[in-house]
Enquirer: 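The structure's right below; bear with me while I get my questions together.
Keep in mind that what you see is a predicted model, and the values were worked out from it rather than measured.
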Amino acid sequence: MRFHTNIWLIVFVLLASCTSTSSETTRSEKQTLYPFQEGPLQADLHQEYNNIFFQDDPQSRSKSLLKISYRALEKGDTSLFLQSNKEARKLCDSIDHPAGIAETFWDLGKYYFNRKVKDSAYFYYDRAQKIYRSLGDTLNAGRLLLNMAIIQKDIKDYTGSEVTTFDAIHLLSLYNDYFSLYAAFNNLGIIFNELEQYERALYYHNKALEYLRKSSKKSRLPFVYNNIGVVHDNHKNYAQAIQYYRRAKHSYHSQQLDNPRIYAMILDNEAYAKLHLMDSSGVYEQLLKALKIRKKLSPQTGLSVSHLHIAEYFLFKKDTANAIKHAHKAEEIAFTDRNSRDYLSAIKLFINLSPEEALSYSKRYINVNDSLYKHERAVQNKFAGIRFETDEYISEAKKLNQRILRLSIISSSVVLLLILLYIIMIQRSKTELLKQRQQAGQDIFRLMLAQQKSIEEGREKEKRRISRELHDGILGDLFG
């Protein structure tokens, strides 16, 4: 039965979500400041949360809250996560623990990323990385920048993602964090594959392979080989693409991995590449095997791709009826999953399957593609606004701090000047008083000298008087 719906409703739903898919969404793993160790003594999380508030030491309480918050996030206990995350942030703020605040933002970013609320995830990752940078923790800052770069890639902001990825690599290169460096170069490989710069894409995927081999996570090798195969596939080097898909398959089996999602992707990609080489032997069986695996996945992913590839197989076999059936199935699933890429691919396929309606499908494809492009630009501008607002906030904060510093310097200078003037005035007063005292001393000394002189003169006069009287008395006795 043909899938009928209103085109504007489809566009609205697709625009409302604007979720994008990629060959692989690789994220650097969160490194907690207080890693939780699973053990037999693990108690119920809610009971542990209640017990935290009996702890007197706020430092210990903050550590416990951070651990509970992260574990609740990992276990999918949304209410407990949001509650403990908020409590942890409030407590860390009250005891001046910025690293703890950064960790709560990191957890919030992961929480929103898991729910595909990518603008909120980007916002909280950005806040966390800025705190880590201010603390000199460039390793965690680099890991968060990588998460932000992957989100930018997912919304098709390839230029922004490239810049942010190189910023992350600059910080991560200071450490032997080989897995994060693998993820960074893998992201660059996906970016340049989307930009159809295949040589650069291969260069970065091979760099990713180098770092992955240095890390302890060899289970990711099938992903890298698959991604290199996808680049060759898009570059129409189908024989080389098949070689790398087979390497991915061999690596998967040799490591005895249990990841049906990646295995189905490799099977599907290899069979589809063989079809491009006009080799249909075993292709349908392999495509069908991948489809059956994907139907058992929870949540189901890749179903629309499988139906698209099977439709193209039937188109190659000139079985138009089965081709149309699988194309419609792909269209339905893509619509339900809000997968704009596969939805457009299904419409494009109908152009070849239904020549009589080719014009109608072409107009539909152009309208949907144009609307999606405009919405993607709006989303990219929104993310740029988030980054600009946070940067502007920091810039304004720096300006405010500079103004406060200048005012403090001016105020201090004025106070110092007043103190100096006061000291000078006191010193002048002391000098003037000393001069007055010296002058008074000199005046007293002069008075004393004058008085002494007057006394001496009086004594001399008295002596002369007495002497004259004695002289006159003696002469009187002699001549009396």
Enquirer: Any luck finding a side-chain donor-acceptor pair between D337 and S304 under 3.5 Å?
Expert: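 Looking only at side-chain atoms, S304 and D337 do not form any donor-acceptor pair under 3.5 Å.
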Enquirer: Could you tell me which non-hydrogen atom of I262 sits nearest to which non-hydrogen atom of P222, and how far apart they are?
Expert: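 Scanning both residues, the minimum pair turns out to be CG1-CB, 4.3 Å.
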Enquirer: Do N186 and N227 pair up side chain to side chain, a donor and an acceptor below 3.5 Å, judged on atom types alone?
Expert: yes
Enquirer: Can you check whether Q59's main-chain N or O pairs, donor with acceptor, with S62's side chain at less than 3.5 Å?
Expert: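 Here the side-chain-to-backbone pair exists.
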Enquirer: Just checking, any donor-acceptor pair under 3.5 angstrom between side chains of D342 and H307?
Expert: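 Per modelled atom types, D342 and H307 side chains form no pair under 3.5 Å.
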Enquirer: When you check the side-chain N and O atoms of Q47 and N51, is any donor under 3.5 Å from an acceptor?
Expert: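 Yes - a donor-acceptor pair under 3.5 Å links their side chains.
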Enquirer: Could you tell me if Q55 and S60 have a donor-acceptor pair between their side chains, going purely by distance under 3.5 Å?
Expert: no
Enquirer: Run the salt-bridge test on K214 and D177 with the 4.0 Å N-O cut-off and return the result as yes or no.
Expert: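 Here K214 does not pair with D177 in a salt bridge, since their nearest N and O are not under 4.0 Å apart.
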Enquirer: Between R71 and E48, does at least one N-O distance fall below 4.0 Å, as a salt bridge requires?
Expert: yes
Enquirer: With no hydrogens and no angle check, just 3.5 Å: does a side-chain donor-acceptor pair link R89 and N85?
Expert: yes
Enquirer: Looking at SG of C92 and CZ of R61, how far apart are the two atoms once the value is rounded to the nearest 0.5 Å?
Expert: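 So the SG of C92 and the CZ of R61 are separated by 10.5 Å.
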Enquirer: So, does K118 use its side chain to make a donor-acceptor pair with the main chain of R115 at under 3.5 Å?
Expert: no
Enquirer: Could you go step by step and tell me if Y111 and F81 meet the ring pair (Phe, Tyr, Trp, His ring centres under 6.0 Å) rule?
Expert: CA-CA 9 Å; Y111 169 80; F81 163 69; 5.3 Å; yes
Enquirer: Assess, by modelled atom type and distance only, whether the side chains of R261 and T301 contain a donor and an acceptor separated by less than 3.5 Å.
Expert: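 Indeed, the side chains of R261 and T301 share at least one donor-acceptor pair under 3.5 Å.
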Enquirer: Working to the nearest 0.5 angstrom, can you tell me the gap between S340 OG and F335 CZ?
Expert: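 If we round to the nearest 0.5 Å, S340:OG and F335:CZ are 13.0 Å apart.
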Enquirer: Looking at Y244, is R247 sitting on its ring face, NZ or CZ under 6.0 Å from the six-membered ring centre and within 45 degrees of the normal?
Expert: yes
Enquirer: For I228 and N226: C-alpha separation, side-chain torsions, deciding distance, then whether side-chain contact (heavy atoms from CB on, under 4.5 Å) applies.
Expert: CA-CA 5 Å; I228 294 174; N226 177 77; over 6 Å; no
Enquirer: Determine, stepwise, if the pair S69 / T104 fulfils side-chain contact (heavy atoms from CB on, under 4.5 Å).
Expert: CA-CA 8 Å; S69 172; T104 65; 5.8 Å; no
Enquirer: Determine, using ring centers only, whether Y225 and Y245 are less than 6.0 Å apart.
Expert: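 Between Y225 and Y245, which both carry aromatic rings, the centre distance is not below 6.0 Å.
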Enquirer: I need the minimum non-hydrogen distance between K153 and Y158, along with the two atoms involved.
Expert: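 Of all heavy-atom pairs spanning K153 and Y158, the closest is O-CE2, 3.7 Å.
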Enquirer: With a 4.0 Å cut-off, would you call K289 and D268 a salt bridge?
Expert: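 So K289 does not pair with D268 through a salt bridge.
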Enquirer: Taking the side chain from D157 and the backbone from G160, do they hold a donor-acceptor pair closer than 3.5 Å?
Expert: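 Yes; judged by distance alone, with no hydrogens or angles, the pair exists.
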Enquirer: Run the numbers on Y272 and H276 for ring pair (Phe, Tyr, Trp, His ring centres under 6.0 Å), then give the verdict.
Expert: CA-CA 7 Å; Y272 190 58; H276 279 108; 4.6 Å; yes
Enquirer: Judged by modelled atom types alone, do N367 and D370 share a side-chain donor-acceptor pair under 3.5 Å?
Expert: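 D370 and N367 do not have a side-chain donor-acceptor pair below 3.5 Å.
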Enquirer: Which word best sums up how the rings of H253 and Y263 line up, parallel for under 30°, tilted for 30 to 60°, or perpendicular for over 60°?
Expert: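 Rings of H253 and Y263: perpendicular, as their planes differ by over 60°.
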Enquirer: I'd like to know if K348 and E312 make a salt bridge, using a cut-off of under 4.0 Å between side-chain N and carboxylate O.
Expert: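 Looking at K348 and E312, the cut-off is not met.
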Enquirer: L267 and Q286: which non-hydrogen atoms are nearest, and at how many Å?
Expert: O-NE2, 3.0 Å
Enquirer: How far does CD1 of I169 sit from CG of L181, to the nearest 0.5 angstrom?
Expert: 7.0 Å
Enquirer: Side chains of S180 and Y175: is there a donor and an acceptor less than 3.5 Å apart?
Expert: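 Y175 and S180 do not have a side-chain donor-acceptor pair below 3.5 Å.
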Enquirer: On the ring face of F223, is R220 found with NZ or CZ under 6.0 Å from the centre and within 45° of the axis?
Expert: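 Output yes; distance and angle both within limits.
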Enquirer: Looking at every non-hydrogen atom in both residues, tell me the closest pair between A168 and G142 and how far apart they are.
Expert: CB-O, 3.4 Å
Enquirer: Below 4.0 angstrom, N of the basic side chain to O of the carboxylate: do K156 and E194 qualify?
Expert: no
Enquirer: How long is the gap from CG on L73 to CG on D107, to the nearest 0.5 Å?
Expert: 5.5 Å
Enquirer: Inspect the contact between E74 and K110 and indicate whether a charged nitrogen and a carboxylate oxygen are less than 4.0 angstrom apart.
Expert: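 Counted as a salt bridge, because a side-chain N and a carboxylate O are separated by less than 4.0 Å.
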Enquirer: With a 3.5 Å cut-off and no angle check, do the side chains of Q255 and S251 form a donor-acceptor pair?
Expert: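 Their side chains do contain a donor-acceptor pair, which is all the 3.5 Å distance test asks for.
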Enquirer: Looking at K130 and D126, does any basic side-chain N land under 4.0 Å from a carboxylate oxygen?
Expert: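 Between D126 and K130 there is a salt bridge, with a charged N closer than 4.0 Å to a carboxylate O.
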Enquirer: Assess whether atom NZ of K329 is packed by more than 12 heavy atoms of other residues, nucleotides or ligands within 6.0 Å.
Expert: no
Enquirer: If you take all heavy atoms of L212 and K217, which pair is closest and at what distance?
Expert: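 In this case the closest contact between L212 and K217 is CD1-O, 3.2 Å.
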Enquirer: Quick check, are the ring centers of Y182 and F179 under 6.0 angstrom apart?
Expert: yes
